[in-house]
Amino acid sequence: MLRFIIILLLFSFQLNAQNTYKGMVVDANSLKVISGASLVSENQNYHTISDHKGRFSIDVGEVDSLRFMVRHLSYHPYSFYLKKNKQEIKIELKPLVVDLEHVNVSALAARKKKISTGTILIGVDEIESLPTQLGEIDVLKVLELQAGVIRTSELSSGINVRGGSGGHNSFLLDGQAIFNPNHLLGFMSTFNSDLLSQVSMDKDAYHPRLGGSLSSYIQVKNRIGSKDSIKTKLGIGLLSSRFMLEGPIKKSKSSFILGMRRSYFDLFTKSYNKIHEDKKEFSPLPEYNFSDIQFKIHTQINENSFLELNAFKSYDDLDLLSDKSKSLGTTWGNQFLNLHLRKYMSSRSQLSVNSGISHYAFDLEQKHHLRLKMESSVLRWNNSVDWSFKLNSKLNIDVGAFFDYSWYKNDNSEVEEDLVLNQYEESLNSIYSGVYVWSDVVLFQGLELGIGCRLNVFDTDKMIVKTSPRLQLKFIRKTWAMNLSYSKTHQFNHLISAYGINLPNDLWYPSSEKVPDEMADQLSLGFDFMQVEYLKLRTSVYYKKMKNQLDYVEGADLLFKDISEQILLSDGDAKGMEVEARYQKRRLTGNINYTLADTWRKNNLINQGERFHPSFDITHKLNLSFQYKLSPSLSFSAAWFYASGQSITFPAGAVLLQGFGNEKVTPRVVPLYGDRFNVRMSPSHRLDIGLKYVKNHHKGKSIYSFGIYNLYNRANPYFYYFDTEKTADNTIRILPKQKSLIPFLPSLNYTYEF
């Protein structure tokens with residue numbers, strides 16, 4: 001294997017002929033690279049397209065001067081003369097209009113050029129084309145409609161990707177970690193669509209720059225503000241309102257963009273509760289609100305470098321009030337501050353430096369007969385340096401290093417009056433550092449090899465050193481492409497979930513002597529087909545082998561005992577097939593995809609050592625979505641999904657217990673549990689629709705959005721509980737009953753841009 005790699009590298013170092021010209025295409029304002037830009041000679045004998053890093057290479061004959069035209073959907077055309085002996089060219093394209101719609105087109109163009117079948121690239125227009133929920137546009141709802149992505153319930157804050165748990169995904173906003181990307185217990189995300197430029201999800205073929213998660217990496221990028229004029233957007237919905245402001249700090253050099261959201265559901269419920277508080281048998285409504293703010297400053301230092309400052313803060317507050325003696329309140333929130341420097345050292349080389357601080361915290365307080373207090377937080381300081389350079393037309397190399405320092409704190413207590421009954425407090429810290437290298441080698445036309453490795457060093461009470469090799473082979477033809485990849489991943493931070501679904505009070509816990517890192521080896525094979533421009537077919541199969549997956553001992557206590565002693569380590573595997581068809585022609589845009597998945601776990605202390613399906617195993621998932629433009633200003637959209645039921649644990653039987661020596665004590669039915677995850681829930685399905693109308697004004701435009709969530713009022717299962725009833729012959733029958741949460745729900749939103 002080593003000899004083969006050396007031969008490939010030596011082969012790639014061949015000298016370029018004198019008639020080979022190379023260069024880079026970048027945005028004239030932001031200096032960000034532009035992929036998919038076409039370069040065509042005046043006589044149309046020579047042409048090429050810039051790659052995902054903005055680079056291009058073209059071979060021409062012996063000419064003294066040759067005129068080329070550069071075109072891209074989102075930029076003004078640009079022409080230049082290719083002069084003899086000038087072999088490094090930098091082309092700066094000016095945007096057509098610096099607004100959201102044109103950025104969206106650019107994102108779609110990039111998506112069409114993406115080759116890896118395990119990567120999903122989504123533009124903002126695709127997010128906005130789907131039905132709104134509670135008047136809000138949500139990027140995570142778009143991800144749920146993609147092949148291989150599962151959400152176990154409507155109010156779960158986690159997603160499951162290719163057999164992984166909810167904690168096996170990394171959410172990155174402008175390169176910075178978001179530990180809990182949800183509002184409203186998972187019904188909405190913290191990402192503000194007014195600021196978005198692009199969203200990507202990597203499910204396989206991971207670049208070694210990405211590490212620390214087993215299943216996927218969701219990267220959300222906010223756009224830069226306008227460098228020409230002040231722009232404002234105001235949105236008002238049934239649940240929340242939002243505000244966006246952008247504009248230049250110094251024209252053509254630096255800009256800012258600010259986005260804010262705030263819900264007002266609590267204003268109505270507080271008024272309602274106050275009016276009815278003196279009524280008998282009154283049950284107060286929950287009081288809930290969320291808010292978030294995002295801010296970016298972008299400044300161009302010189303023609304080859306720029307600097308960005310990104311800030312983010314989200315906050316959720318939920319109070320469940322029973323009466324004056326009973327209450328349950330919880331708050332949670334993310335915040336970060338990040339500095340990003342990018343420098344284009346030449347047309348073939350660029351350097352990126354990132355440094356930032358992320359923080360996530362939640363606290364919960366319950367008052368009943370006892371007072372329960374839970375607090376947890378994680379603080380992370382992360383740094384990275386990435387250097388990318390192109391040696392010649394056949395070899396690209398990326399190298400980098402990273403250093404993260406994290407602090408974890410968990411504090412739980414149970415108090416009766418002034419007496420502390422139970423208490424658990426733990427503070428930990430960790431260092432996660434390493435380096436990576438990656439090379440893209442063009443073996444010959446249409447066949448590319450990507451090979452690299454990530455070295456991971458994780459240190460708490462024990463130093464863990466692991467390597468993560470990555471390999472990708474791409475075979476590209478005019479109407480189809482094949483992608484074969486292998487990835488080994490390690491996860492050193494674990495999401496401890498008490499209830500099998502991700503909630504805000506789940507906590508993060510680092511690897512240690514007692515809790516090793518989780519590991520996964522994934523092999524995937526995918527094909528893209530595009531026989532005609534408006535129809536694209538994609539299919540892929542994958543197999544994933546996993547080790548050290550987290551399960552829990554029987555009767556686990558995650559509040560007042562050492563967490564490392566409550567964990568069981570299971571082995572697992574996942575395999576599946578994903579099929580997708582995308583149609584886009586004239587007024588109609590549609591997508592249909594199907595996922596067939598099979599996920600298993602095995603532990604000698606669970607189910608007598610027999611293999612079992614975890615709770616997030618969903619065998620079948622079908623998604624259909626489309627948008628139809630009824631007119632240039634009016635569009636209709638719909639999205640429907642079907643998912644087979646997840647695995648849950650039902651009791652194998654029950655016994656009737658009554659107090660000894662006291663006949664007045666009411667008998668209690670106590671369940672007896674056997675195997676875990678022994679029953680499947682009912683399937684879930686739902687139809688959402690939306691209608692969007694845009695009206696242009698002299699100095700802006702109005703957008704009216706109407707949506708209906710769960711159009712046919714499907715009662716999808718959230719959980720099951722058991723109830724007893726007496727029969728005619730005076731016996732007791734125990735019946736399982738289903739709890740559903742979100743019924744038919746209309747929404748309305750008004751947005752004004754000026």
Side-chain angles (χ1 to χ4, degrees), residues 29-32 98 100 103 124 136 138-140 170-183 188-199 218-227 230-235 240-250 253-263 289-301 305-317 331-342 352-362 377-385 402-407:
N29 293 335
S30 66
L31 294 182
K32 291 186 176 180
V98 186
L100 186 60
V103 175
V124 181
E136 291 283 346
D138 196 345
V139 58
L140 293 187
S170 287
F171 293 89
L172 303 171
L173 176 58
D174 285 325
Q176 201 68 26
I178 300 292
F179 293 95
N180 188 326
N182 292 277
H183 290 309
M188 297 171 61
S189 78
T190 58
F191 304 116
N192 190 333
S193 62
D194 291 338
L195 278 70
L196 291 180
S197 66
Q198 183 176 290
V199 180
I218 296 96
Q219 301 182 76
V220 181
K221 295 182 180 179
N222 282 342
R223 61 189 178 89
I224 64 174
S226 170
K227 292 185 178 181
I230 295 290
K231 297 184 179 181
T232 305
K233 178 185 288 189
L234 177 65
S240 64
S241 292
R242 66 190 194 277
F243 172 76
M244 186 275 294
L245 178 68
E246 62 177 313
I249 299 174
K250 183 178 181 181
K253 289 293 184 181
S254 58
S255 67
F256 75 92
I257 186 167
L258 169 70
M260 297 184 292
R261 291 190 300 177
R262 209 294 190 177
S263 68
N289 73 84
F290 73 81
S291 61
D292 55 54
I293 180 170
Q294 301 180 40
F295 184 67
K296 173 182 281 192
I297 294 178
H298 176 97
T299 182
Q300 186 172 332
I301 301 173
S305 58
F306 67 83
L307 184 68
E308 285 184 351
L309 175 66
N310 301 285
F312 170 85
K313 181 177 176 61
S314 69
Y315 180 79
D316 290 70
D317 188 355
T331 63
W332 66 95
N334 301 273
Q335 55 188 325
F336 76 68
L337 188 66
N338 169 263
L339 197 62
H340 175 213
L341 171 67
R342 184 179 293 273
S352 177
V353 181
N354 276 279
S355 182
I357 297 178
S358 298
H359 179 254
Y360 174 71
F362 89 87
S377 65
V378 54
L379 176 66
R380 179 173 298 165
W381 175 43
N382 64 280
N383 305 271
S384 65
V385 178
F402 57 93
F403 176 87
D404 299 347
Y405 196 101
S406 301
W407 295 264

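To the nearest 0.5 angstrom, Phe402 atom CZ is 7.5 Å from Asp404 atom CG. The NE2 atom of His298 sits 4.5 Å away from atom CD1 of Ile224, with the distance rounded to the nearest 0.5 Å. Residue Ile218 holds its CD1 atom at 12.5 Å from CG of Leu173, rounded to the nearest 0.5 Å. Here the straight-line distance linking atom OG1 of Thr299 with atom CG of Leu341 works out to 11.0 Å at 0.5 Å rounding. Interatomic distance, Gln335 CD to Tyr360 OH, rounded to the nearest 0.5 Å: 12.0 Å. Atom OG1 of Thr232 is separated from atom CZ of Phe243 by 5.0 Å, given to the nearest 0.5 angstrom.
Looking only at atom types and distance, the side chain of His359 has no donor-acceptor partner in the side chain of Ser377 under 3.5 Å away.
Note on ring orientation: taking the six-membered ring where Trp is involved, the planes of His183 and Phe290 are parallel (angle under 30°, cut-offs 30° and 60°).
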Report the C-alpha distance between Ser355 and Asn383 in whole Å, list the side-chain angles of each, state the deciding distance to 0.1 Å, and finish with yes or no for side-chain hydrogen bond (donor to acceptor under 3.5 Å, both in side chains). CA-CA 4 Å; Ser355 182; Asn383 305 271; 2.7 Å; yes
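The shortest side-chain heavy-atom distance between Glu246 and Ser255 does not fall under the 4.5 Å cut-off. When side chains are defined from C-beta on, Asn182 does not count as touching Asp316, because their heavy atoms never get closer than 4.5 Å. Contact annotation: the side chain of Ile230 approaches that of Pro248 to within less than 4.5 Å [non-hydrogen atoms, C-beta and beyond]. Two residues are said to be in side-chain contact when any heavy atoms from C-beta on lie closer than 4.5 Å; Ile297 and Leu307 fail this criterion. Using a 4.5 Å heavy-atom cutoff, the side chains of Leu195 and Ile257 are in contact. Leu337 is listed as a side-chain neighbour of Leu309, based on a closest heavy-atom distance under 4.5 Å. A heavy-atom distance below 4.5 Å is not found between the side chains of Arg342 and Glu308. Between Ser384 and Asn382, the closest side-chain pair of non-hydrogen atoms is not below 4.5 Å.
In terms of modelled atom types and a separation under 3.5 Å, the side chain of Ser197 and the main chain of Lys221 share a donor-acceptor contact.
Across Leu245 and Phe256, no two heavy atoms sit closer than the pair O-CE1, 3.7 Å. Closest of all the heavy-atom pairs between Ser358 and Ala177 is OG-O, 3.3 Å. The shortest non-hydrogen separation linking Ser352 to Asn354 is OG-ND2, 3.6 Å. Of all non-hydrogen atoms in Pro181 and Leu140, the two that sit nearest each other are O-CD1, 3.8 Å.
Exactly one of Arg242, Arg261, Arg262 qualifies for a side chain to side chain donor-acceptor pair (under 3.5 Å) with Asp292. That residue is Arg261. Shown are Phe312, Phe171, Trp381, Phe179; of these, the ring-ring contact (aromatic ring centres under 6.0 Å, His included) with Phe336 is made only by Phe312. Under the side chain to side chain donor-acceptor pair (under 3.5 Å) rule, Gln294 has a single partner from Thr190, Asn222, Asn310, Asn192, which is Asn222.
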